[in-house]
Engineer: 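Take this structure, written in C-alpha cells, and hold onto it; I'll ask about it next.
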Amino acid sequence: MTGFAFTWHGLRLEARCSGALWWPEERWLVVADLHLGKSERMARRGGALLPPYEGLETLRRLEAEAEALDPAVIVSLGDGFDDDAAAEALEPQVAEHLARLEAAQEIRWIAGNHDPRAGGEETLRMGPVTLRHQPEGEGPDISGHFHPVVRLAGARRRALLIGPSHMILPAFGAYTGGLDAGSGAITRWVPHGIAVACLHKALPVPLRAA
C-alpha cells in the first residue's frame, strides 16, 4: 500500500490510500467516520434496506491497516457508529471483529454528531494538534465529519484534505457518501492546500484557492 508522507505542524505523517492517517512516531492510526451499524440504523428507521455487510467490510479494511502497520493506538474521529443505538446493536460478526481489534491495540473513540453518547471523548491531543470530529476555530486540528471527495478523471474519489490549519480525513466506512472538496462547507476550513486522493496509491493533487 503506497502512502503519501508529509510534515504538518511539526508532525511527520503519512496519508494512506485507505483514507487513514498514520503517525509513525507514536504509532497512531487515525480514521474517520466508520459509521458502523449504518444498514441496521436505516432498516430500524424505515429507510432503504442495505446488505448488512458494511460493518464487516469496514473492519476488514481497518484490520488490514492494523496488520500492515502494527499501531499502538487506533483513533476514531467521531461517527464510529451510525447512531448511539447502533453501538449497542452490532451484528455478532461485526462485534467479534471489533473485539479482536480492541484486544490487539488501544482504540480511542471521539464522539461525533451521529454517536454523541456512545462513550467517546470530545477531543484528543496529537502533539501540537487537536483531534476532533469537526474542525473548529483557528486550529491546528484534524477532523472528519464531511466525508470529502475530489473528482479525478470523471470519477469521485475519497480524499484527505491538508490545509494550512485544518486537515479533514475522508470517511473510512463503507456505504458512506461524500461531499465535494470545493463545497462551501469544506472550503470554509480548507480553502487551499493538498487533496490526497484514495486510489491504488495515495495521490496528492493541489486544491485550488476558494
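All of these numbers come straight from a predicted model, not from anything done at the bench.
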Engineer: In Å and rounded to the nearest 0.5 Å, what is the CG to CD1 distance from Leu29 to Ile107?
Structural biologist: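 Atom-to-atom, Leu29:CG and Ile107:CD1 are 10.0 Å apart.
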
Engineer: Tell me whether Val150 is reachable from Ile162 by hopping between hydrophobic residues (I, L, V, M, F, W, Y) whose side-chain heavy atoms are closer than 4.5 Å.
Structural biologist: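 No, it is not one cluster - the side chains of Ile162 and Val150 are not joined through contacts under 4.5 Å.
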
Engineer: Once side chain to side chain contact (heavy atoms under 4.5 Å, CB included) is applied, do any residues pair with Gln134, and if so which ones, sequence neighbours excluded?
Structural biologist: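 Listed in chain order: Asn113, His145.
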
Engineer: Looking only at heavy atoms, which two atoms of Thr58 and Gly173 are closest? And how far apart?
Structural biologist: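 The answer is OG1-CA, 3.4 Å.
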
Engineer: Quick check: closest heavy atoms across Trp8 and Asp141, and the distance to 0.1 Å?
Structural biologist: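 So the minimum-distance heavy-atom pair works out to CH2-O, 3.4 Å.
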
Engineer: Would a 4.5 Å heavy-atom cut-off, applied to side chains only, mark Leu11 and Pro128 as touching?
Structural biologist: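 When only atoms from C-beta onward are counted, Pro128 and Leu11 do touch, with a gap below 4.5 Å.
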
Engineer: Please tell me if the side chains of Ser165 and Glu138 come closer than 4.5 Å, counting only heavy atoms from C-beta onward.
Structural biologist: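 No, too far: nothing below the 4.5 Å cut-off.
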
Engineer: Quick one: pull up CH2 in Trp28 and CD1 in Ile74 and give me the separation to the nearest 0.5 Å.
Structural biologist: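 Taking CH2 in Trp28 and CD1 in Ile74, the distance rounds to 12.5 Å.
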
Engineer: Taking side chain as C-beta onward, heavy atoms only, is Leu124 less than 4.5 Å from Val75?
Structural biologist: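 They are in contact (side-chain heavy atoms under 4.5 Å apart), so the answer is yes.
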
Engineer: Check whether any side-chain N or O of His35 sits under 3.5 Å from a backbone N or O of Phe172 as a donor-acceptor pair, and report yes or no.
Structural biologist: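 Not a single qualifying donor-acceptor pair exists.
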
Engineer: Are Phe4 and Val30 connected into the same hydrophobic cluster when the rule is that any two of I, L, V, M, F, W, Y join if their side-chain heavy atoms are below 4.5 Å apart?
Structural biologist: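 Hydrophobic grouping puts Val30 with Phe4.
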
Engineer: At what distance, to the nearest 0.5 angstrom, does CG of Asp33 lie from OG of Ser143?
Structural biologist: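 OG of Ser143 is found 9.0 Å from CG of Asp33.
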
Engineer: To the nearest 0.5 angstrom, please state how far the CD1 atom of Ile110 sits from the OG atom of Ser76.
Structural biologist: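 One gets 7.5 Å once the value is rounded to the nearest 0.5 Å.
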
Engineer: Which pair of non-hydrogen atoms, one from Leu56 and one from Val94, has the smallest distance, and what is that distance?
Structural biologist: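 That closest heavy-atom pairing would be N-CG2, 3.8 Å.
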
Engineer: Are any of the side-chain heavy atoms of Leu160 and Met167 separated by less than 4.5 Å?
Structural biologist: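 Touching, per the 4.5 Å side-chain cut-off.
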
Engineer: Is there a donor-acceptor pair closer than 3.5 Å between any side-chain N or O of Trp189 and the backbone N or O of Gly163?
Structural biologist: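 Checked: no pair found.
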
Engineer: Given side chain to side chain contact (heavy atoms under 4.5 Å, CB included), test Ser18 with Arg61 step by step and report yes or no.
Structural biologist: CA-CA 8 Å; Ser18 66; Arg61 291 174 54 237; 4.3 Å; yes

Engineer: Are there more than 12 heavy atoms of other residues, nucleotides or ligands under 6.0 Å from atom CZ of Arg100?
Structural biologist: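 Yes, enclosed.
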
Engineer: Between Glu106 and Arg108, is there a salt bridge with N-O shorter than 4.0 Å?
Structural biologist: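 Glu106 and Arg108: salt-bridged.
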
Engineer: If we only count heavy atoms from C-beta on, is the Thr130 to Arg132 side-chain gap below 4.5 Å?
Structural biologist: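 They are in side-chain contact.
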
Engineer: For residues Ile186 and Pro148, report the shortest heavy-atom separation together with the two atoms involved.
Structural biologist: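 Heavy atoms only, the tightest pair is CD1-CB, 3.9 Å.
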
Engineer: Over all heavy atoms of both residues, which pair between Gly144 and Ala32 is shortest? Give the atoms and the distance, please.
Structural biologist: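 Smallest interatomic distance, heavy atoms only, reads CA-CB, 3.9 Å.
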
Engineer: Show your reasoning for whether side chain to side chain contact (heavy atoms under 4.5 Å, CB included) applies to Leu98 and Leu59.
Structural biologist: CA-CA 7 Å; Leu98 185 56; Leu59 291 180; 4.1 Å; yes

Engineer: Between His9 (side chain only) and Gly127 (backbone N and O only), is there a donor and an acceptor less than 3.5 Å apart?
Structural biologist: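 Not confirmed, His9 side chain does not pair with Gly127 backbone.
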
Engineer: Establish whether Val149 and Val196 are linked, either directly or via other cluster members, by ILVMFWY side-chain heavy-atom contacts under 4.5 Å.
Structural biologist: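 Result: no, two separate clusters.
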
Engineer: State, to 0.1 Å, how close Ala15 and Ala202 come at their nearest heavy-atom pair, and which atoms those are.
Structural biologist: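 That closest heavy-atom pairing would be O-CB, 3.4 Å.
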
Engineer: Determine, using the 4.5 Å side-chain heavy-atom cutoff (strictly less than), whether Leu101 and Phe81 are members of one ILVMFWY cluster.
Structural biologist: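 Linked within one cluster.
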
Engineer: Please determine if Arg16 and Glu65 form a salt bridge, counting it only when a charged side-chain N lies under 4.0 Å from a carboxylate O.
Structural biologist: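 Result for this pair is yes, salt bridge flagged.
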
Engineer: Would you say that Arg125 contacts Leu131 through its side chain, given a criterion of any heavy-atom pair below 4.5 Å between the two side chains?
Structural biologist: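 No. Closest side-chain heavy atoms not under 4.5 Å.
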
Engineer: Quick check on Arg12: does its CZ atom have over 12 non-hydrogen neighbours (other residues, nucleotides or ligands) under 6.0 Å away?
Structural biologist: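 Counting neighbours around CZ of Arg12, 12 or fewer heavy atoms of other residues, nucleotides or ligands fall under 6.0 Å, so no.
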
Engineer: Show the numbers, then the answer: is there a side chain to side chain contact (heavy atoms under 4.5 Å, CB included) between Leu169 and Val31?
Structural biologist: CA-CA 7 Å; Leu169 270 59; Val31 294; 5.6 Å; no

Engineer: Quick one: does any side-chain atom of Thr187 pair with a main-chain N or O of Ser183 as donor and acceptor, under 3.5 Å?
Structural biologist: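 Yes; judged by distance alone, with no hydrogens or angles, the pair exists.
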
Engineer: Report the distance from atom CG of Leu203 to atom OG1 of Thr2, rounding to the nearest 0.5 Å.
Structural biologist: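 Leu203 CG to Thr2 OG1: 11.0 Å, rounded to 0.5 Å.
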
Engineer: Answer yes or no: is there an ion pair linking Asp180 with Arg151, defined by an N-O contact shorter than 4.0 Å?
Structural biologist: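 So Asp180 does not pair with Arg151 through a salt bridge.
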
Engineer: Answer whether the closest heavy-atom distance between the side chains of His166 and Pro135 falls below 4.5 Å.
Structural biologist: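 Result yes, sub-4.5 Å side-chain heavy-atom pair found.
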
Engineer: Linking I/L/V/M/F/W/Y whenever their side-chain heavy atoms sit closer than 4.5 Å, directly or via other members, would Val73 and Leu21 fall into one cluster?
Structural biologist: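 Yes; Leu21 is reachable from Val73 via cluster members.
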
Engineer: Please say whether more than 12 non-hydrogen atoms of neighbouring residues, nucleotides or ligands are located less than 6.0 Å from CD in Gln93.
Structural biologist: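 No, because the 6.0 Å sphere around CD of Gln93 holds 12 heavy atoms or fewer from other groups.
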
Engineer: Side chain to side chain contact (heavy atoms under 4.5 Å, CB included), that's the test. Do Leu77 and Trp109 meet it? Break it down for me.
Structural biologist: CA-CA 7 Å; Leu77 293 179; Trp109 301 93; over 6 Å; no

Engineer: Check whether any side-chain heavy atom of Leu69 sits under 4.5 Å from a side-chain heavy atom of Arg27, and report yes or no.
Structural biologist: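 In short, these two side chains do not touch, never coming nearer than 4.5 Å.
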
